[in-house]
Peer 1: 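Sharing a structure with you now.
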Amino acid sequence: MEAGEAAGAVLFLLAAAVSLLAAVSTGALDFTYLVTVVGEGSSTSPGSGGGAWWREAWVGARSRAVAPALQVGVWACMLMSVMLVVEATYNSAVSVAARLVGWRPERRFKWEPLGGGAGAGDEEKGEAAAAAAYPMVMVQIPMYNELEVYKLSIGAVCGLKWPKERLIIQVLDDSTDAFIKYATRSGRKGFKAGALKKGMEWDYAKQCEYVAIFDADFQPEPDFLLRTVPFLMHNQNVALVQARWVFGKTSSFDMSLRLPFAVLASGKVSLLTRIQKTFLDYHFKAEQEAGSATFAFFSFNGTAGVWRTEAINDAGGWKDRTTVEDMDLAVRATLKGWKFIYLGDLRVKSELPSTYKAYCRQQFRWSCGGANLFRKMIWDVLVAKKVSSLKKIYILYSFFLVRRVVAPAVAFILYNVIIPVSVMIPELFLPIWGVAYIPTALLISVMSMHRLRAAVAGLLQLQEFNQWIVTKKVGNNAFDENNETPLLQKSRKRVNLPEIGLSVFLIFCASYNLVFHGKNSFYINLYLQGLAFFLLGLNCVGTLPDHCCF
């Protein structure tokens with residue numbers, strides 16, 4: 001057991017203890033109250049006269065069947081809520097602790113600069129020896145009908161500081177657009193994983209020690225390879241160096257392409273993209289950093305990372321069995337004993353989905369693929385011989401169960417089903433400590449519907465579990481220095497009926513709670529949730545109307 005793993009285990013136990021202590025100290029932890037007997041909640045006596053029989057029948061059925069069944073769901077959700085709180089507390093504690101003690105990757109792993117890069121002076125002098133000190137690196141840019149952004153990634157990659165004779169740029173184009181033509185495949189078998197796998201089969205690819213991957217909307221800074229590759233060169237047990245995604249415009253300008261270097265201010269285009277940025281900031285700052293600092297394991301984000309070619313081959317190469325080929329490769333590589341490094345201070349500009357439809361498709365693909373990979377990898381993780389028992393628990397419990405299954409389940413079932421229904425079931429007991437975790441960002445509540453459906457499809461391998469739809473990009477088309485987009489601007493296209501239906505249900509429950517006061521008053525939150533579902537049902541997300549993909 002390594003020091004990082006031991007520290008991670010200790011911090012996890014401390015996070016669990018703190019969460020339990022907080023519940024006990026507030027007096028909110030009370031498991032003795034299970035189901036309230038219905039008699040005290042009924043105001044109708046058996047002999048109260050005609051028309052009351054149906055009310056008595058409903059009260060009886062409610063207390064003897066409905067409330068007990070829902071109470072089981074309540075305690076299941078309470079357990080899952082505790083799991084989520086402990087997980088979030090643990091990740092945040094590790095992230096803060098790593099920064100306080102200065103536990104940077106440069107201190108934990110060997111890193112030496114590569115002599116300042118391949119500058120113009122070296123090229124003029126023709127110093128072949130200087131270039132020979134740099135390993136062969138291949139940069140892969142997979143794309144599919146991404147005309148709006150492909151120039152950005154290719155232009156940025158061409159500007160990387162690296163000897164040109166030691167760098168290969170490989171564009172993996174599966175596009176069907178007539179305008180875009182590179183070395184393409186005859187079909188899209190395996191989607192992105194198939195393209196990456198095919199790219200590794202070329203003879204020149206086999207000569208490269210390291211492979212950097214950028215999606216078509218990512219623009220790395222010129223020193224990206226100079227900051228990542230040395231970790232791989234000096235640490236033979238490291239397979240992956242992952243950078244952080246950032247979203248926002250800069251004023252830098254590529255004069256050769258006449259294009260802004262980072263054109264899309266995705267975090268500022270709409271309320272939808274602003275909330276996405278918040279979620280992804282937590283993912284990188286807490287989840288990725290915690291995994292890297294403790295177990296040297298986290299999910300490859302599919303782009304903005306550099307792989308050791310040997311590690312890819314050792315793990316079995318790219319596989320197209322799920323829609324999360326990046327996570328699949330990362331798990332298989334770590335089970336072979338490889339370590340990962342996350343560089344939080346190395347940032348790569350990218351684009352966020354700017355329409356609700358595109359965001360739903362992206363989240364469905366990620367959630368479904370992650371849950372399906374959990375199903376496929378359970379046994380492989382259990383029998384792996386090159387990882388410790390603590391790391392196996394971390395992978396199966398934290399990485400898969402809590403984040404891929406529990407998170408979407410409790411977010412939808414508790415906040416969109418049980419809490420709304422509880423206002424009409426007075427016998428139902430909801431501990432205050434359990435509902436105090438009601439999401440402040442209402443998009444979590446809305447997206448949980450799609451994420452739960454995706455997780456179920458992935459776990460059960462339903463017909464839609466392996467669907468791959470590329471997230472629509474807008475690139476330069478959405479960038480305008482003087483553009484001020486309202487936070488809520490309705491698309492003129494179709495409405496989303498599931499969201500509209502749930503909004504009606506939530507608003508009805510809120511109104512019932514407002515008129516017939518019960519033990520709890522959730523109507524303010526329910527009204528806000530209903531409004532969020534209604535607005536997204538009408539596609540009111542603040543996207544630019546000329547570039548929506550509905």
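From a predicted model like this one, the values you see are computed outputs, not experimental measurements.
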Peer 1: Main chain of Cys208, side chain of Thr309: is a donor-acceptor contact present, judged purely on distance under 3.5 Å?
Peer 2: yes
Peer 1: Give me the atom names and distance for the closest heavy-atom approach of Val324 to Gly370.
Peer 2: CG2-N, 3.7 Å
Peer 1: Given side chains that start at C-beta, do those of Ile154 and Ile169 come closer than 4.5 Å, heavy atoms only?
Peer 2: no
Peer 1: Under a 4.5 Å cut-off applied to non-hydrogen side-chain atoms, are Thr294 and Tyr90 in contact?
Peer 2: yes
Peer 1: State, without any angle test, whether His450 and Glu499 hold a side-chain donor-acceptor pair at a distance under 3.5 Å.
Peer 2: yes
Peer 1: Got a sec: does the NZ of Lys392 have more than 12 other heavy atoms crowding it under 6.0 Å?
Peer 2: yes
Peer 1: To check you understand the geometry: which heavy-atom pair defines the closest contact between Thr323 and Gly369, and what is its length?
Peer 2: OG1-CA, 3.4 Å
Peer 1: Whether the side chain of Lys110 engages the backbone of Phe231 through a donor-acceptor N/O pair (distance < 3.5 Å, no angle test) should be reported.
Peer 2: no
Peer 1: Report yes if the distance between the aromatic ring centroids of Phe297 and Phe399 is under 6.0 Å, otherwise no.
Peer 2: yes
Peer 1: Can you name the one residue among Ser350, Pro220, Pro142 that meets side-chain contact (heavy atoms from CB on, under 4.5 Å) with Phe214?
Peer 2: Pro220
Peer 1: OG1 of Thr322 to CE of Met377: how many Å apart, nearest 0.5 Å?
Peer 2: 10.0 Å
Peer 1: When you check the gap from the basic side-chain N to the acidic O, do Arg244 and Asp345 get nearer than 4.0 Å?
Peer 2: no
Peer 1: Considering non-hydrogen atoms only, spot the tightest contact between Val410 and Ser81 and give its length.
Peer 2: CG2-OG, 3.5 Å
Peer 1: Please say which of Leu401, Val381, Asp380 ends up in a side-chain contact (heavy atoms from CB on, under 4.5 Å) with Ile395.
Peer 2: Val381
Peer 1: Is the closest side-chain donor-acceptor distance between Asn301 and Gln288 under 3.5 Å?
Peer 2: yes
Peer 1: Using modelled atom types only, decide if a donor and an acceptor are shared between the side chain of Arg107 and the backbone of Gly102 within a distance under 3.5 Å.
Peer 2: yes
Peer 1: Which heavy atom of Met136 sits nearest a heavy atom of Ile168, and at what distance?
Peer 2: CE-CD1, 3.8 Å
Peer 1: Is the shortest side-chain heavy-atom distance between Phe300 and Met327 below 4.5 Å?
Peer 2: no
Peer 1: Do Arg451 and Phe364 meet the cation-pi criteria used here (NZ or CZ under 6.0 Å from the six-membered ring centre, within 45° of the axis)?
Peer 2: no
Peer 1: Does the side-chain contact (heavy atoms from CB on, under 4.5 Å) test come out yes or no for Met78 and Leu414, once each step is laid out?
Peer 2: CA-CA 9 Å; Met78 295 301 102; Leu414 178 60; 3.9 Å; yes
Peer 1: Please evaluate residues Leu240 and Val306 with respect to the criterion side-chain contact (heavy atoms from CB on, under 4.5 Å), reporting the C-alpha separation (whole Å), side-chain torsions for both, the decisive distance (0.1 Å), and the verdict.
Peer 2: CA-CA 6 Å; Leu240 167 69; Val306 185; 5.9 Å; no
Peer 1: Which atom names give the shortest non-hydrogen contact between Ser292 and Phe340, and what distance separates them?
Peer 2: OG-O, 4.0 Å
Peer 1: Mind checking what makes ring pair (Phe, Tyr, Trp, His ring centres under 6.0 Å) contact with Trp366, not counting sequence neighbours?
Peer 2: none
Peer 1: So, is the end of the Arg308 side chain (NZ or CZ) under 6.0 Å from the ring centre of Trp338 and within 45° of the ring's axis?
Peer 2: no
Peer 1: Side chains of Ser299 and Gln242: closer than 4.5 Å at any heavy-atom pair?
Peer 2: no
Peer 1: To the nearest 0.5 Å, how far apart are CZ in Arg375 and CG in Leu373?
Peer 2: 12.0 Å
Peer 1: Do Val171 and Met143 make a side-chain contact, defined as non-hydrogen atoms from C-beta onward lying under 4.5 Å apart?
Peer 2: yes
Peer 1: Quiz question: by atom type and distance under 3.5 Å, do the side chains of Lys386 and Thr334 form a donor-acceptor pair?
Peer 2: no
Peer 1: Are the aromatic ring centres of Trp307 and Tyr210 under 6.0 angstrom apart?
Peer 2: no
Peer 1: When the ring planes of Phe284 and Trp245 are compared, do they come out parallel, tilted or perpendicular, using 30° and 60° as the limits?
Peer 2: tilted
Peer 1: If you define the side chain from C-beta out and look only at heavy atoms, does anything of Gln170 sit under 4.5 Å from Val211?
Peer 2: no
Peer 1: Please report the interatomic distance CD(Gln219) to OG(Ser153), rounded to the nearest 0.5 Å.
Peer 2: 7.5 Å
Peer 1: Under a 3.5 Å threshold, yes or no: a donor from one side chain and an acceptor from the other, between Asn496 and Asn539?
Peer 2: yes
Peer 1: Testing the 3.5 Å rule here: is there a donor-acceptor pair between the side chains of Gln461 and Lys376?
Peer 2: yes
Peer 1: Report yes if some heavy atom in the side chain of Arg332 is under 4.5 Å from a heavy atom in the side chain of Lys319; otherwise report no.
Peer 2: yes
Peer 1: Side chains of Ser445 and Gln529: any donor to acceptor distance under 3.5 Å?
Peer 2: yes
Peer 1: Consider side-chain contact (heavy atoms from CB on, under 4.5 Å). Of Leu225, Val241, Leu114, which one does Pro230 pass it with?
Peer 2: Leu114
Peer 1: About how many Å separate CZ of Arg104 and CG of Leu343, when rounded to the nearest 0.5 Å?
Peer 2: 9.0 Å
Peer 1: Please step through side-chain contact (heavy atoms from CB on, under 4.5 Å) for the pair Asn91 and Arg403, ending with a clear verdict.
Peer 2: CA-CA 12 Å; Asn91 288 328; Arg403 300 181 197 174; 3.7 Å; yes
Peer 1: Taking the side chain as every heavy atom from C-beta outward, state whether Leu160 and Leu226 have any atom pair closer than 4.5 Å.
Peer 2: no
Peer 1: Rounded to the nearest 0.5 Å, how far apart are CZ of Phe295 and NZ of Lys391?
Peer 2: 8.5 Å
Peer 1: Please check if the side chain of Ser95 supplies one atom and the backbone of Ala286 the other of a donor-acceptor pair under 3.5 Å.
Peer 2: no
Peer 1: Drop me the distance from Ile393's CD1 to Leu382's CG, to the nearest 0.5 angstrom.
Peer 2: 10.5 Å
Peer 1: To check you understand the geometry: which heavy-atom pair defines the closest contact between His283 and Glu287, and what is its length?
Peer 2: ND1-OE1, 2.9 Å
Peer 1: Walk me through it: do Tyr397 and Met83 pass the test side-chain contact (heavy atoms from CB on, under 4.5 Å)?
Peer 2: CA-CA 10 Å; Tyr397 174 78; Met83 294 167 68; 3.5 Å; yes
